[in-house]
Enquirer: 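The structure's right below; bear with me while I get my questions together.
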Amino acid sequence: MKLLKHIKAVLLGLSISANVFAADIQLQNLRCEMLVNPQGIDVVQPRLSWQLTGTGRNIMQTAYEVIVASSPAKLAAGQGNLWTSGKVASNESVMIAYKGKALKSGTACYWKVKVYTNNGDSQWSTPAKWSIGLLSPADWKGKWIGYEKGSPWDSVSKFSRLSARYYRKEFSSAAKVKRATAYISGPGHFELYINGKKVGNEVLAQMPTDYTKSVQYSTYDVTADVKPGKNAIGAVLGNGRYFTMRPKYKPKKIKEFGFPKMLVQLDLEYADGHHQLVVSDQTWKMTADGPIRSNNEYDGEEYDANKELTGWSKVGYNAARWFKPELVDAPGGKLVAQMSEPIKVMQSIQPKKLSQLKSGTWIMDMGQNMTGWIKIKVKGKRGDKVTMRFAETLQKDGSLYVANLRDAKVTDVYTLKGAAEETWHPVFVYHGFRYVEITGYPGKPKESDFTGEMVYDALATIGEFETSNEVINNVYRNTWWGVAGNYKGMPVDCPQRNERMPWLGDRATGSLGESFIFDNQKLYTKWLDDIEESQTAEGAIPDVAPAYWNYYSDNMTWPATYVLIADMLYKQFGDARPAEKHYASMKKWLTYMKGKYMKDYIVTKDKYGDWCVPPESPELIHAKDSSRTTNGQLIATAYYYRMLFQMKRFAQMFGKQDDAKEFSALQGKIADAFNAKFYNAQTQQYDNGTVTANLLPLYFDITPVANRKAVFENIVRRVTTVDNNHIATGVIGTQWLMRGLTEYGRPDLAYRIATNKDYPSWGYMAERGATTIWELWNGDTANPSMNSGNHVMLLGDLIVWYYQNLAGIKAGINQPGFKQVIMKPTLPDGLKFVKSSYKTPYGLVKSEWRKGSNFDWNISIPANATALISIPAKSAGGVTEGGKKAAEAEGLKFVKMDKGYAVYEAGSGNYSFKSDL
Ligand code: RAM
């Protein structure tokens, strides 16, 4: 292969240097702001990333060259009229800041890159593209339009019902457009149409925010949709999180924004350079009397096909009965570009079973607790109504179990028009369900009449993980479904009941585990902005952000997620910008909590305790037995300490030495006060000795070195005796448990907890038929008032442990974003193999090991990254790579033997190790 390339190059008359084809360097996955196809972004110094691949080992980039041009032709000609970086000596290939000409609103940027390595150079990459949105409010020429009341058929009451609003306008395009760009902000939900065709393939747009603080807009390249001559543009607006007016329904709790509204700007650019704008204003027409009769995230969507407005977004539609929209106030927040991946239909699922419950009532099993909707095919008479209700489980008699949905009605209704065949799915709602009750279906429904569409943010799945243990594999699979389904432009706690709220605490450590499965960088970057926007002037951070529910309870543990996620984005994706951007707000929060609640260096305020520990009796939601629960002040103070540890690192990163010193000094005082108050020197335990009470100070390094062994032994004693080798922690303790047990030398105990199948355990959930993760350890028996079947908060650090400890894939702290990969697997007895891979910003890391009498380990390190590899081995001499002594292998450098591991530095490439255990 290499030889062939060589010959080809000679034939082409190129000069051959020994190096040029050695590694066959290819460039792939060009990204701007880590998005594959970013349109209309409002970052004026966007960051560019690329990945190198190549054969052989130890490939490091030595320099790069980037060209950014304002047209494809210029780029092809090598004219970087926006930016020509020149040859920059650097090994950085992730998030390189653009340093070219100032980028103006609407600019399209075409770019390519070429790299030089220690092992040959690449060709220029294939081109990639990004575009800039509307950077200043003055760029928006349109007006916010809407309709600030309900229609006669609506009911703005407890179960608020509002029909969707349809808007349209015709316009003429003088000639063929060179480029057409549509900008739209349509909170709660919108669908945009041009000439009868929906623009883009996302669903449930606009991304949810606190619209009084910021409101997002989306940008689409619609060049292909606009024709010379007459055109029509249209939009449909749904409620989403904007229209949440449910008078008399928890009025203090729910934040209301008003009726759906929109702002649209279509920019037509012609070959001669002139622009024509089509904008939202009172020349548009609207109606609320269309087919979507009602839409409400919790209650469902009702669609009457007899009300269809056939051709409404096409030229020539007769809109005589439509009326002029109102000019309305802007939502209030600043307009910002959508910078995270949109929500899409990500998977289609065929039902597993459809059976008749009683005459006219059918129950369908999707085989999977999923989020999204059902697309139906139906044939019947005009006026027939098909009703679908959704639930996670069934009752004994086979009917839906809806008690745990509280008062969410989760009911979709389709009224037939009587056509030969009708297909339909809702567009402005989603449900969390495994089972569907179907009534009113004309004739006998067949499974093939229904398709489940799984809907979540279009994040790539970037991790794979499989082991020899079935419980672990099942839990991992259930995690995938749970995490994916609870991404809805923000991480929500659950997708089914009348809640679906972005609770901070649920994702504290979970977000780190999730980042091994999904490319969630942009989603969590956006969420940090939501959290910052929800901060009060005094500095309080709520438990739910955006604060759609008003929960400013001033605890430490839920808001701590703000700081933990900034750290996650830095470590996992190498992005320090969020930590830097939010540093002042995070510090402000800590100052606020200290001023208000710290007495003698103890934080006196807590709200949730170790939320959802396994209770003493099966029907309980929360334990009442005080030997199971953990002191709230202990939790709050330990978390404050941990926050300071984190903030100290950020302060050092950003050159804020005074802050770092201050945080450090406060840590010392808190540790002293904490140990004085909670540590019992006699029993060598903290407070009442729960696993959480001992684990937090131990894992956070509050425990003095001299006491650590004893405290850990007490944790082990508690787990093995009182807790009978089972989990006894809730949302807080579980965040550190698996790593804590493993790092202090008892991976076997962590493994035991991870592989249990009986109560309480993750395996128990799977054993009881869960296909996601439950809100409660006793989710099968607890009171339904708070018992979701699809909550991810109890995962704690389980997924982190799967990847970091079992697969042994971890980001190097000094070279974050996996520029350096720390590879060190833990081998608990009983686990025979792990097969895992992870797409880091540099490329694919693989770890596949198998343990028999020997240890076999195949790994891959991407180009332009390095690794520190720890191979379980009796001695360095017994380690081979590719059949040869590892010390002699290309790309490897032996560092030391360390507690049963032979440690090597490695460059990129594929390695195949064997060692004797
Ligand atoms: C419930 C939810 C949520 C949790 C809060 C404290 O409403 O279970 O996940 O974070 O309580």
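Heavy atoms only: backbone and side chains are in, while hydrogens, waters and symmetry mates are out. Indexing begins at 1, ligand by ligand and atom by atom, following the structure's order.
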Enquirer: Taking only residues two or more places apart in sequence or in another chain, which ones pass side chain to side chain contact (heavy atoms under 4.5 Å, CB included) with Ser626?
Expert: Thr629
Enquirer: Indicate yes or no for a side-chain donor-acceptor contact from Asp506 to the backbone of Val492 under 3.5 Å, with no hydrogens or angles considered.
Expert: no
Enquirer: What's the shortest heavy-atom distance between Ala754 and Ile472, and which atoms?
Expert: O-CG1, 4.2 Å
Enquirer: Under the rule for ring pair (Phe, Tyr, Trp, His ring centres under 6.0 Å), what residues qualify as partners of His791, not counting sequence neighbours?
Expert: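 So His791 forms no ring pair (Phe, Tyr, Trp, His ring centres under 6.0 Å) with any residue.
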Enquirer: List, ordered by chain and residue number, the protein residues whose closest non-hydrogen atom lies under 4.0 Å from any atom of ligand 1.
Expert: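 Those residues closer than 4.0 Å to ligand 1 by some heavy atom are Asp493, Arg497, Glu499, Trp503, Asp506, Trp558, Tyr608, Trp611, Glu775, His791, Met793.
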Enquirer: Can you tell me which residue among Tyr641, Tyr686, Phe700 is in a ring pair (Phe, Tyr, Trp, His ring centres under 6.0 Å) with Phe674?
Expert: Tyr686
Enquirer: Can you sort out the partners of Ser511 under side-chain hydrogen bond (donor to acceptor under 3.5 Å, both in side chains), two or more places apart, ordered by chain and number?
Expert: none
